[in-house]
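Here is the structure we will look at.
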Amino acid sequence: MSDSLTLDPQVAARLKRDEHGLVAAIVQQHDTREVLMLGWMDDEALRRTLTSGRVTFWSRSRGEYWRKGDTSGHHQHVKAVSIDCDGDALLVEVDQVGAACHTGARTCFEAGGPLPAVVGSRAEAGS
């Protein structure tokens, strides 16, 4: 992919954005498959991610772009980016340096913690 100033139109056409022009980006450690965090991308954040080798998000709270690790040193180096079948989510596989969560935890899901849930089984699949 070239380092153009706009997102490839063929990629842009596949995206289904929310009312704010954003797509969910699930970030996963490339080798362990550990889910690290969820961020939001618009076309420009995705373009920057695809062309720079580092992950860029759109910060809904700050209303600006942020490249993961620029202030914390906890960089995310892009290994692969995939789009889901509906075009409304991205999977960004990275090599995570340090913590992925702003709390300092390895993952945002570790920091958030588990919720009580009934555990299902295959035997119940028919009901």
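The model shown is predicted, which means the values in this text are computed figures rather than measured ones.
Distance check: Gln29 CD to Asp95 CG gives 5.5 Å after rounding to the nearest 0.5 Å. Taking CZ of Arg47 as the reference point, atom OG of Ser52 lies at 8.5 Å (rounded to 0.5 Å). With rounding to the nearest 0.5 angstrom, the CD atom of Glu44 is 8.5 Å from the OG1 atom of Thr56. Residue Leu46 holds its CG atom at 14.0 Å from CH2 of Trp40, rounded to the nearest 0.5 Å. Rounding to the nearest 0.5 angstrom, the gap separating the CE atom in Met41 from the CG atom in Leu22 is 11.0 Å. To the nearest 0.5 Å, atoms CG (Asp8) and CZ (Arg14) are separated by 10.5 Å.
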TODO: Report the C-alpha distance between Asp43 and Thr6 in whole Å, list the side-chain angles of each, state the deciding distance to 0.1 Å, and finish with yes or no for side chain to side chain contact (heavy atoms under 4.5 Å, CB included).
DONE: CA-CA 8 Å; Asp43 287 18; Thr6 59; over 6 Å; no

TODO: Go through the steps to decide whether His20 and Arg60 satisfy the test side chain to side chain donor-acceptor pair (under 3.5 Å), and finish with yes or no.
DONE: CA-CA 9 Å; His20 305 289; Arg60 297 180 302 168; over 6 Å; no

TODO: Step by step, work out the salt bridge (charged side-chain N to carboxylate O under 4.0 Å, His left out) result for Lys79 and Asp31.
DONE: CA-CA 10 Å; Lys79 295 299 181 182; Asp31 51 358; over 6 Å; no

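Proximity of a side-chain donor or acceptor of Asp84 to a complementary backbone N or O of Asp88 within less than 3.5 Å is detected. Proximity of a side-chain donor or acceptor of Lys68 to a complementary backbone N or O of His74 within less than 3.5 Å is not detected. In this structure, the side chain of Arg106 does not engage the main chain of Ala111 through any donor-acceptor pair within 3.5 Å. Counting only distance, with no hydrogens or angles, the side chain of Gln76 and the backbone of Gly69 share no donor-acceptor pair below 3.5 Å.
Side-chain contact between Thr49 and Val78 is present, with at least one heavy-atom pair separated by less than 4.5 Å.
When hydrophobic clusters are built by joining Ile, Leu, Val, Met, Phe, Trp and Tyr residues whose side-chain heavy atoms come closer than 4.5 Å, directly or via intermediates, Val35 is grouped together with Leu91. Hydrophobic clustering of Ile, Leu, Val, Met, Phe, Trp and Tyr side chains at less than 4.5 Å, counting indirect connections, unites Val94 with Leu90. In the hydrophobic clustering of this structure, Met37 does not group with Trp58; members are Ile, Leu, Val, Met, Phe, Trp, Tyr whose side-chain heavy atoms approach within less than 4.5 Å, directly or through other members. Hydrophobic clustering of Ile, Leu, Val, Met, Phe, Trp and Tyr side chains at less than 4.5 Å, counting indirect connections, unites Val81 with Leu36. At a threshold of 4.5 Å between side-chain heavy atoms, the hydrophobic network of Ile, Leu, Val, Met, Phe, Trp and Tyr places Leu50 and Ile83 in one connected group.
Closest non-hydrogen pair, Leu38 versus Ala24, comes out as CD1-CB, 3.7 Å. Considering every non-hydrogen atom in both Gly73 and Val97, the closest pair reads O-CG1, 4.0 Å. Residues Ala105 and Ala99 approach most closely at O-CB, 3.2 Å, considering heavy atoms.
Between Trp66 and Phe57, the ring planes are tilted. Angles from 30° to 60° get that label.
In the model, Glu93 has no side-chain atom that pairs as donor or acceptor with a side-chain atom of Gln28 under 3.5 Å. A donor and an acceptor atom, one from each side chain of His77 and Arg54, are nowhere located under 3.5 Å apart.
Glu64 CD: more than 12 foreign heavy atoms inside a 6.0 Å radius.
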